[in-house]
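Notes follow the structure.
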Amino acid sequence: MENKMTNLLDGLNDRQKEAVTTTEGPLLVLAGAGSGKTKVLTHRVAYILENRLAAPWEILAITFTNKAANEMCTRIANIVGQMSEDIWIKTFHSACLRILRRDIEKLGYTSNFNIYDTNDQKRLIKDCLRELNLNEDNYPIKSVISKISSAKDEMIDCKEFAKRNDDFRGEKYAMIYARYQQKLKENNAMDFDDLIAKTVELFKDNPDVLEYYQNKFKYIMVDEYQDTNNLQYIFVSMLAEKHRNICVVGDDDQSIYKFRGANIRNILDFEKQFDDAKNIKLEQNYRSTQTILDAANAVIANNFERKEKKLWTNQGEGEKIEVRTCSDQVDEAMYISGEIEKLVSSGKYSYKDIAILYRTNAQTRALEDNLSCPYRVLSGLRFYDTKEIKDILSYLRVIYNPNDDVNLTRIINVPKRGIGDTTVGKIAAFAESMGVSMFDIISDEKYLEALGRSSAKIREFSAIINNLREYIDNIPLVDLMDKVFTETGYADSLMTENTPEARGRIENLQEFKSKALEYEKNVEEPTFGGFLDNISLVSDIDNYDTEQDAIVLMTLHSAKGLEFPVVFMCGLEKGLFPSYQSEGELDKLEEERRLCYVGITRAREKLYITYALQRVMFGKTESKVVSEFVGEIPEKLLNRTDNVVRKQFASYGSARGYSGSDLFGGAGKKSDMDYSAIIAKSTKSGAEMKSSVTYKKGERVMHKKFGEGMIVGITESGGDMMLEILFDNVGTRNLMASFARLKKL
DNA sequence: CGAATGGGTGGGCAG
DNA sequence: CACCCATTCG
């Protein structure tokens, strides 16, 4: 035991040791990116166990993703062995789900409730709007959803919401909210917010339940605390009230989920909320080179609301950051592809060491089309979001919980079985007026007759569902899924279709089955409901397999918590990253900057930043200007290159009509004229035009159109000098010294 | 009454 | 470019 203990603290720096051994009372660990946060958490759990401060089942560790939970579980198992199995290592949602499945009857739901995702929410809201005779244009679904979501986050129920919003629109929103919540209950369903909100409600209404969990969890740890919302904070606070051994770990600089309610104040104010809290900062970075850290530090220093931190390492300076100006998104993808080939053929890196990160999922297409290496795309369409999986999933959910009208409506006519919108509308109306679920209607002969000529088909459908319900937890999951495929006619309809697309869908369904198999194998007590929960809560990133030798493409958001030897951050253009939606709003811009910080700090050895002067967005070609974030990185850390001007000049000889303005979009339309003028001059007598002025790197210059800038690169080119100039407002431009008409400052 | 087709529109990150 | 809705056809 003594030995193990010393081992446990071996290899930790002083700060980390302190965080591991400070087990009692509230503790805030401000852990910079790459500062060994997971190590601290896992060792802290092990330390508590080794010192017999608590039994495994008395420890609750909350992470943000399932992937993080699994990793923590594995790493703790490596230290303490089997004991790790009884620790609650969960995400907020899965922890709450487990609590709810046990006691939800106390709130008037039944334990087989379904979980509604954003799509289901949308359907439900649409129904509400229709019933209330409200127009989607005046009450956009997205805004309704976000209003309801933030109300739930602030624990404002329908009544309270109505009180606080008594203007015309507010009243309507209150009505939608009330109806939506009522519908959820009728469907025996919960949205993601409810999972936390209902747990808190359960605790509030049932002190005995709360007390049980308060007593149970002697030590509570929360990872990624900067991304918790108010509800999650309340949930954790309630649980921690008794023992007060709460340790939160986070980095305010990596808070990137404000858009879904994350409240950065939770971490900034932790010490106010828990006035005796200890505070430990981890600033030594074990991941990246000093160059990368300097860049990250410099960028994030532009934010106002933050706790001062400076990452450092003793691992050396490393290589400069490559910044590449590209003509458009195809050029960008080709450049990245080329660099990847170079990196891999050098033998220093393999594909799995490399990641491409971007702001929006829409950017993947150009990349995918132009990559010449094995790759994987994370997120975008979740596996469970494809149509065929959603269909089967809806069947499974209806079988599990027949009161779920939303899912029932979704599949009652899939595949086509002659139950059209009109009939479905009738069933819904019946259900509404009788105060029962649609399934109740269609399984009752009394109502079926009233449905006229469709009744035979409906009868058939409800028979299928009722038949399948018999098999729940009686036969293996995979067999049940097979039955769903065949008995619903879904498989047949795909076979008949027999298009490449249909075959793809069949393949996907096979994969779905293997996921079920996997679940049955991995989980101790597999149940039908457990499988559905599992699906509701996994994300694409959870399935990211680091062993496969392929480069990986994902959004900057998904990349949080991951690291790669080589990182490409692409599309660093104003309006894309930072997003145009953050323009003029300081707090949103700061969140974008934090996202940039997250991106930079994913890189261990080599970081590439690319941006294009032109990009196709929303189907239109737009001119782009480099992101301000690039300019925030000290120039001395960068090695700038581009492909724009070379193309530009190459085009003179080959295609006269092609003025090059298409490639040089960043300068705007006027560049057409300027450049034709330059061609004229240069064909006359290039020698004459040769600049007599000499330039040096670092000099500041003034350009008529581009404004002030600094020379960051000089290349000799045919007796002239090509200057790479970083302009303050428009980004980098490559200009020939003799033609640029520069004024030294 | 149900299915198919075309036009218009909207498009950020996510458990 | 994908999805949703409205219109038209069967």
Side-chain angles (χ1 to χ4, degrees), chain A residues 62-69 90-97 115-123 126 130 136-137 140-142 145-146 149 153 190-196 224 227-229 231-232 254-262 357-366 369 378-382 384-387 412-426 451-455 457 533-542 554-561 571 575-583 588 591-592 594-596 598-599 616-620:
Chain A
I62 294 179
T63 61
F64 225 67
T65 62
N66 294 299
K67 185 180 165 50
K90 291 176 169 297
T91 63
F92 275 105
H93 290 98
S94 65
C96 287
L97 189 52
I115 302 167
Y116 277 5
D117 65 12
T118 318
N119 276 321
D120 302 323
Q121 276 184 298
K122 278 185 194 160
R123 278 164 184 272
K126 258 186 196 171
R130 199 163 16 82
E136 226 179 273
D137 296 332
I141 295 192
K142 270 189 148 182
I145 289 180
S146 85
S149 178
D153 186 40
M190 300 211 186
D191 62 22
F192 280 116
D193 297 315
D194 279 344
L195 290 180
I196 323 272
E224 307 280 11
D227 284 325
T228 51
N229 62 23
L231 269 177
Q232 292 165 334
Q254 293 187 64
S255 168
I256 55 174
Y257 284 103
K258 184 156 184 269
F259 70 90
R260 65 169 204 221
L357 310 181
Y358 38 79
R359 181 67 179 83
T360 67
N361 279 308
Q363 288 167 256
T364 51
R365 191 172 305 128
D369 289 348
L378 287 191
S379 190
L381 247 197
R382 266 173 81 229
Y384 294 109
D385 277 343
T386 51
K387 188 188 177 314
I412 192 166
N413 200 29
V414 179
K416 300 265 182 280
R417 46 172 77 90
I419 306 174
D421 292 346
T422 323
T423 307
V424 174
K426 276 187 195 165
L451 287 165
R453 66 178 185 192
S454 314
S455 61
K457 287 159 183 167
D533 286 349
N534 190 300
I535 290 169
S536 294
L537 299 179
V538 293
S539 69
D540 233 25
I541 192 86
D542 297 328
M554 67 178 93
T555 62
L556 286 152
H557 281 91
S558 306
K560 195 174 71 161
L576 182 62
F577 187 30
S579 159
Y580 64 98
Q581 311 199 32
S582 67
E583 224 170 272
K588 283 192 180 168
E591 176 138 320
E592 298 281 319
R594 290 192 290 271
L595 192 54
C596 183
V598 167
V616 178
M617 286 179 93
F618 307 141
K620 281 197 293 278

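Since this is a predicted model, take the numbers as computed values, not measurements. When reading the values below, keep in mind they use all heavy atoms of this one structure, side chains included, and skip hydrogens, waters and symmetry mates. Order of the sequence lines fixes the chain letters, A, B, ..., with proteins taken first and strands second; residue numbering starts at 1 for each chain.
Nearest-nucleotide assignment on DNA chain B puts the 5′-proximal partner with A:G418, out of A:G418 and A:S582. The residue among A:Q581 and A:K426 whose nearest nucleotide of DNA chain B is located toward the 5' end is A:K426.
Close to B:dA14, at under 4.0 Å from its OP1 or OP2, lies a side-chain N or O of A:N361. Side-chain N/O atoms of A:T65 include none lying less than 4.0 angstrom from OP1 or OP2 on B:dG15.
Residue contacts for A:K126: at a heavy-atom cut-off of 4.0 Å it reaches the sugar-phosphate backbone alone, with no base atom in range. Nucleic acid contact class of A:K457 (heavy atoms, under 4.0 Å, all strands): none. Using a 4.0 Å heavy-atom criterion, one finds that A:E592 contacts the bases of the nucleic acid, with or without backbone contacts as well. When heavy atoms are screened at a 4.0 angstrom cut-off, A:F577 is found touching no nucleic acid atom at all. The residue A:S536 sits apart from the nucleic acid: no heavy atom pair falls under 4.0 Å.
Of the candidate nucleotides C:dA2, B:dC1, B:dA14, B:dC1 has the atom lying nearest to any side-chain atom of A:T423. Distances from the side chain of A:R365 to the nucleotides C:dA2, B:dA4, B:dG15 place C:dA2 closest. Closest to the side chain of A:K416, out of B:dA14, B:dG2, B:dA3, is B:dA3. In this structure, of B:dG15, B:dG2, B:dA14, it is B:dG2 that holds the atom nearest to the side chain of A:T422. The listed nucleotides are B:dG15, B:dG11, B:dG2; the one nearest the side chain of A:H93 is B:dG15. Considering only side-chain atoms of A:K142, the nucleotide from B:dG2, B:dG11, B:dA14 that sits closest is B:dG11. In the set B:dC13, B:dA3, B:dC1, B:dA3 carries the atom at the smallest distance from any side-chain atom of A:N413.
A straight line from CD of A:E591 to P of B:dA14 spans 13 Å, rounded to a whole angstrom. Atom-to-atom, CZ of A:F259 to P of B:dC13 comes out at 8 Å; the value is rounded to the nearest Å. Rounded to an integer number of Å, the gap from NZ of A:K67 to C1' of B:dA14 is 17 Å. Atom-to-atom, CG of A:D120 to C1' of B:dA14 comes out at 15 Å; the value is rounded to the nearest Å. Look at CG on A:L357: it is 12 Å from P on B:dA14, rounded to the nearest Å. The separation between A:D421 atom CG and B:dA4 atom P is 13 Å, rounded to whole Å. A:L556 has its CG atom 14 Å from the C1' atom of B:dA14, to the nearest Å. Distance A:K122 NZ to B:dA14 P: 14 Å, rounded to the nearest Å.
Summarising the geometry of A:Y358 relative to A:L378, their closest heavy-atom pair is OH-O, 4.4 Å, with the distance given to 0.1 Å. Closest approach of A:G599 to A:L556, counting heavy atoms only: CA-CD2, 3.6 Å.
The backbone N or O of A:Q254 sits nowhere less than 3.5 Å from a side-chain atom of A:R594 that would complete a donor-acceptor pair. Checked by atom type and distance alone, the side chain of A:N413 pairs as donor or acceptor with a backbone atom of A:G418 at under 3.5 Å.
Donor-acceptor pairing under 3.5 Å is lacking for the side chains of A:S582 and A:S579. Judged by distance alone, the side chains of A:T91 and A:S94 do bring a donor and an acceptor atom under 3.5 Å apart.
Using a 4.0 Å cut-off between charged side-chain N and carboxylate O, A:E583 and A:K588 make no salt bridge.
Helical stems involving DNA chain B, defined as 3 or more consecutive Watson-Crick or G-U pairs under 3.5 Å, span B:1-10 with C:1-10.
Considering only residues two or more places apart in sequence or on other chains, A:D193 meets the salt bridge (Lys or Arg N to Asp or Glu O under 4.0 Å) condition with none of them. For A:K258, the salt bridge (Lys or Arg N to Asp or Glu O under 4.0 Å) criterion is met by A:D587, not counting sequence neighbours.
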